[in-house]
Amino acid sequence: MARREDGGLSYGRFRVDPALALLRWPDDVVEQFLFDHGDNLAFVYDYSGIDLRDVTWRLETIPAADFSRMPTGASDAGCIESFAENPVHWVMVRPPEVGRHWEEQGTWLRPPILIDRRFLDPSASGLQVMEGRTRVGVLRGRLREGLRVASHHQAWVGHP
């Protein structure tokens with residue numbers, strides 16, 4: 001996949017690729033998964049075994065507690081916990097509307113991307129965080145610190 005910095009590839013130009021249309025994925029998933037991370041070699045390594053044509057995406061509502069032990073890819077092991085150590089910082093370095101949304105709604109502004117772990121290991125169960133590791137870390141840290149957290153959160157979930 002061509003790096004987006006090469007030639008200034010915008011998401012608008014990226015999204016009209018006919019190969020992407022065949023996937024029939026929601027725009028938010030295409031942008032966060034393929035556009036934002038398609039040239040991240042560690043991310044590609046973690047998920048290269050998934051046939052993208054086999055994934056069906058649904059926007060789902062997930063209990064906050066389910067995120068407390070949800071893993072991420074091996075290349076980013078420990079990063080969610082690292083973000084959870086200082087959730088206030090990770091919200092403050094984002095645009096102001098992110099912080100307002102956490103304070104007013106107790107959740108993230110943009111749903112993260114989760115994948116059914118059976119894509120990675122047929123004997124596995126549960127979900128894995130593909131994209132949104134900072135958001136999930138902030139959620140864990142806010143829970144630990146007793147800050148406002150909604151009981152349920154939206155996430156894009158990829159299913160077989």
Side-chain heavy-atom pair Leu127, Ile62 within 4.5 angstrom cut-off: yes
Can you name the residues that form a side-chain hydrogen bond (donor to acceptor under 3.5 Å, both in side chains) with Thr107, not counting sequence neighbours? His153
Quick one: closest heavy-atom pair of Val149 and Ala64, and the distance? CG1-CB, 4.3 Å
Not counting sequence neighbours, list each pair that qualifies as a salt bridge (charged side-chain N to carboxylate O under 4.0 Å, His left out) and has a residue in residues 40-52. Asp51-Arg53
State whether the side chain of Tyr47 and the backbone N or O of Leu120 hold a donor-acceptor pair below 3.5 Å, judged by distance alone. no
Kindly indicate whether the side chain of Phe119, heavy atoms from C-beta on, has any atom under 4.5 Å from the side chain of Pro160. yes
Search all heavy atoms of Phe67 against all heavy atoms of Ala155 and return the closest pair with its distance. CZ-CB, 4.4 Å
Kindly say whether Cys79 contributes a backbone atom to a donor-acceptor pair with the side chain of Asp76 at under 3.5 angstrom? no
In chain order, what residues pass the salt bridge (charged side-chain N to carboxylate O under 4.0 Å, His left out) check against Arg69, with sequence neighbours excluded? none
Side-chain donor-acceptor contact under 3.5 Å, Glu60 with His159: yes
Heavy-atom distance under 4.5 Å between the side chains of Val98 and Trp90, does that happen here? no
To the nearest 0.5 Å, what is the distance between OG on Ser125 and CZ on Arg118? 9.0 Å
Answer yes or no: is there a donor N or O on one side and an acceptor on the other, between the side chain of Thr72 and the main chain of Met130, under 3.5 Å? no
Would a hydrophobic clustering, with Ile, Leu, Val, Met, Phe, Trp and Tyr connected at side-chain separations under 4.5 Å, put Phe83 with Val93? yes
Hydrophobic cluster membership, Leu23 vs Leu114, 4.5 Å side-chain cutoff: no
Which value, rounded to the nearest 0.5 Å, describes the distance between Ile50 atom CD1 and Ile115 atom CD1? 4.5 Å
Would a single hydrophobic cluster contain both Leu109 and Trp102, if residues Ile, Leu, Val, Met, Phe, Trp and Tyr are joined by side-chain heavy-atom contacts under 4.5 Å? yes
Interatomic spacing from CD1 in Ile80 to CG in Leu139 - rounded to 0.5 Å: 10.0 Å
Measure across Trp25 and Val55 and return the closest heavy-atom pair with its distance rounded to 0.1 Å. NE1-O, 3.5 Å
Short question: side chain of Trp108, backbone of Gln154 - any donor-acceptor pair under 3.5 Å? yes
Same cluster or not: are Val138 and Met70 linked, directly or through other Ile, Leu, Val, Met, Phe, Trp or Tyr residues, by side-chain heavy atoms under 4.5 angstrom apart? yes
Quick check: closest heavy atoms across Arg135 and Arg110, and the distance to 0.1 Å? NH1-O, 2.8 Å
Are any non-hydrogen side-chain atoms of Pro63 and His152 less than 4.5 angstrom apart? yes
Qualifying residue for side chain to side chain contact (heavy atoms under 4.5 Å, CB included) with Pro87, from Met92, Arg140, Arg142: Arg142
Distance from Ile113 atom CD1 to Leu34 atom CG, nearest 0.5 Å? 9.5 Å
Is it true that, when you exclude Leu41 itself, more than 12 heavy atoms of the residues, nucleotides or ligands shown sit nearer than 6.0 Å to its CG? no
To the nearest 0.5 Å, what is the distance between CG on Asp28 and CG on Leu59? 8.5 Å
Is the shortest heavy-atom distance from the side chain of Glu145 to the side chain of Val88 under 4.5 Å? yes
In Å and rounded to the nearest 0.5 Å, what is the CZ to CD distance from Arg133 to Glu81? 12.0 Å
Ring center gap for Phe33 and Trp156 short of 6.0 angstrom: no
Any donor-acceptor pair under 3.5 Å from Gln105 side chain to Arg100 backbone: no
